[in-house]
Protein chains: 2
Amino acid sequence: MAGMNISCAAQLSGVSAKMIRHYESAGLIPAVARTAAGYRSYTPEDVHRLAFIRRARAVGFGTPEIRQLLSLWQNRQRPARDVKRLAVEHLQQLQERIADLEAIADTLSHLISHCRGDGRPDCPILDSLAAEDPEPETRSNRARRRQASK
Amino acid sequence: MAGMNISCAAQLSGVSAKMIRHYESAGLIPAVARTAAGYRSYTPEDVHRLAFIRRARAVGFGTPEIRQLLSLWQNRQRPARDVKRLAVEHLQQLQERIADLEAIADTLSHLISHCRGDGRPDCPILDSLAAEDPEPETRSNRARRRQASK
DNA sequence: ACTTGACCCTCCCATCATGGGAAGGTTTAG
DNA sequence: CTAAACCTTCCCATGATGGGAGGGTCAAGT
C-alpha cells in the first residue's frame, strides 16, 4: 500500500539514500516501483531487504558475497551448507587481513619503541625506511609469495 | 651519469612502473629528468626515494603520511619527535582497524559456530542478517558513535 | 638500411563503498 | 503562489593498483 520515499526507506533500513540508489544500480536490489513523477517507492519488504544488506555489510561482506547471500536468503530450499561455506571463506579472508595488519603493527611498534623521539634528528624509524638492504616482513611480501606459489 | 629507464628503476626499487608514474603525478616524488624522447630517467637517488616509499607503504602509511615522512627524511634538522608522533598516530589507526576487524570476525565466527551447515535450509547466519530488531556490535556502529561523540 | 620486439609515453577505465554536489523537476505547507 | 524540502540523474573524488589502447622510440638481428 503506502509506498514510501527513498529517504524514509533510508531511515528505516539504516542505509543512506545514496547507497540505496547505488545498490539498485549494482543490481543488489531489484528496481523498485516508481510514482508517476518518477520517485522511487519502497515497500516494507524492500526495506527489509535493505536492512539485510546493511547487516551483511556490517559483518564485512562485499558486494558479490552479498549478492549470493541474498539469493540464498530468498531460496527456501537452500542448504545451510552453502551459507556456512560462504561465511567461512569470508572469515578466513578477515583473519588474513587481521594477521597482515598485526604484522604491520608489530613492525611499527617495534620501530617506535626504539625511537627516543626527542629533539635530535636521528631516528630508527626513518633509518629503517631508508635502509638499503633488509626487506622487512610485510603484507605485500607475503601476498606476493602467495601469488607466486599459486 | 647513467640515468635508467622506468622499468629498471621499478625493478631496483620494487615499485611498479605504473605506481612510479602515479607517485610522480601525486607529487610524492619530484618530476624526474627526461631524455630527448621524453623517457623518464632515474638516478640511484630517485630509486632510493622510491624504495623508501615502498617500505613506508609496506608498514601501511598512506599518501599524506608518506609525504610528511619524506620531508622529514630530507630535513637533516628534523626532531625525531615529529617522526615518532606520526608513527604513533598511524599505529593507533592500525590498532583501531584491527579491533574493528576482530569484532567483525568474532561476530561472524559466533554465527558460524551455530550453523550446522548441513543440507537443511535453516541457518542462524541468514536469520541473524534478516533479524528485525537487534543491531549487532559492528565497526560502522562504533564509528558512528565515535563520529557522534566528537 | 629495415624490420621486429621490447621499451616508453599519455589517457581512460575499473575496482569498492561512500559521499559531495550540481542542475533541474515535484510536492507540500504556509 | 511561493519557498522549503523533497526527488531525479549525472559527474566527481577518495586510495592503491592494475589493465589496456593508441602511438612513439630504441636496439639488435637480418
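In what follows, chains carry the letters A, B, and so on, assigned in the order in which the sequence lines appear, proteins first and then strands, with residues in each chain numbered from 1.
Between the P atom of C:dG19 and the CD1 atom of A:I20 lies a distance of 11 Å, rounded to the nearest Å. Whole-Å rounding puts the B:I66 CD1 to D:dG15 C1' distance at 11 Å. Rounded to a whole Å, the NE2 atom of A:H90 is 14 Å from the C1' atom of C:dC16. When rounded to the nearest whole Å, the span between CG of B:L28 and P of D:dG15 equals 11 Å. Regarding B:M4, its CE atom lies at a distance of 16 Å from the P atom of C:dC7, rounded to whole Å. Atom C1' of nucleotide C:dT15 and atom CZ of A:R67 are separated by 14 Å, given to the nearest angstrom. With rounding to whole Å, B:F61 atom CZ is found 13 Å from D:dA16 atom P. Spacing between atom CZ of A:R55 and atom C1' of C:dA17 amounts to 19 Å, rounded to whole angstrom units.
At distances below 3.5 Å, at least one donor-acceptor pair connects side-chain atoms of B:D46 with backbone N or O atoms of B:T43. A:R54 places a side-chain N or O within donor-acceptor distance of the main-chain N or O of A:S13, the cut-off being under 3.5 Å. A:T107 places a side-chain N or O within donor-acceptor distance of the main-chain N or O of A:A103, the cut-off being under 3.5 Å. Although no hydrogens or angles enter the test, the distance criterion places a donor-acceptor pair under 3.5 Å between the side chain of B:H90 and the main chain of B:V59.
Residue B:S16 places none of its side-chain N or O atoms closer than 4.0 Å to OP1 or OP2 of D:dT17. Residue B:R40 has a polar side-chain atom (N or O) positioned under 4.0 Å from OP1 or OP2 of C:dT10. Note on A:R21: every side-chain N or O is 4.0 Å or more away from OP1 and OP2 of C:dA17. OP1 or OP2 of D:dT9 lies within a sub-4.0 Å distance of a side-chain N or O belonging to A:R34. Taking side-chain N and O atoms only, B:R57 has a distance below 4.0 Å to OP1 or OP2 of D:dA16. Proximity of A:T35 to the phosphate of D:dC7: no side-chain N or O atom is located under 4.0 Å from OP1 or OP2.
One end of the helix from C:dA1-D:dT30 to C:dG30-D:dC1 points its axis 30° away from the other end's axis, with each axis taken from 5 pairs and the angle rounded to 10°.
Between B:H48 and B:W73, the ring planes lie perpendicular to each other; the angle is over 60°, past the 30° to 60° tilted range.
Closest to the B:H22 side chain, of the nucleotides C:dC9, C:dT18, D:dA16, is D:dA16.
The side-chain heavy atoms of B:M19 and B:I53, taken from C-beta on, include no pair separated by under 4.5 Å. Contact check for A:L108 versus B:F61: side-chain heavy atoms found under the 4.5 Å cut-off.
Under a 4.0 Å N-O distance rule, the pair B:R97/B:D100 does not qualify as a salt bridge. A salt bridge is absent between B:D122 and B:R120; no separation between the charged side-chain nitrogens and carboxylate oxygens falls under 4.0 Å.
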Contact list (N/O, under 3.5 angstrom) for nucleotides 4-6 of chain D vs protein:
{"unit_1": "D:dC6", "atom_1": "O2", "unit_2": "A:Y39", "atom_2": "OH", "d": "3.4"}

Can you give me the N/O atom pairs linking the protein to nucleotides 19-23 of chain D at distances under 3.5 Å, or say none if there are none?
{"unit_1": "D:dG19", "atom_1": "N7", "unit_2": "B:K18", "atom_2": "NZ", "d": "3.4"}
{"unit_1": "D:dG19", "atom_1": "O6", "unit_2": "B:K18", "atom_2": "NZ", "d": "2.9"}
{"unit_1": "D:dG20", "atom_1": "O6", "unit_2": "B:K18", "atom_2": "NZ", "d": "2.5"}

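With B:E24 as reference, B:R40 is the one residue of B:R40, B:R49, B:K18 to meet the salt bridge (Lys or Arg N to Asp or Glu O under 4.0 Å) rule.
Separation of atoms SG (B:C123) and NZ (A:K84) is listed at 9.0 Å; rounding is to 0.5 Å.
Along DNA chain C, the nucleotide nearest to A:A36 and the one nearest to A:Y23 differ in position, and the one closer to the 5' end is contacted by A:Y23.
Surrounding CD of A:E45 are at most 12 heavy atoms belonging to other residues, nucleotides or ligands under 6.0 Å away.
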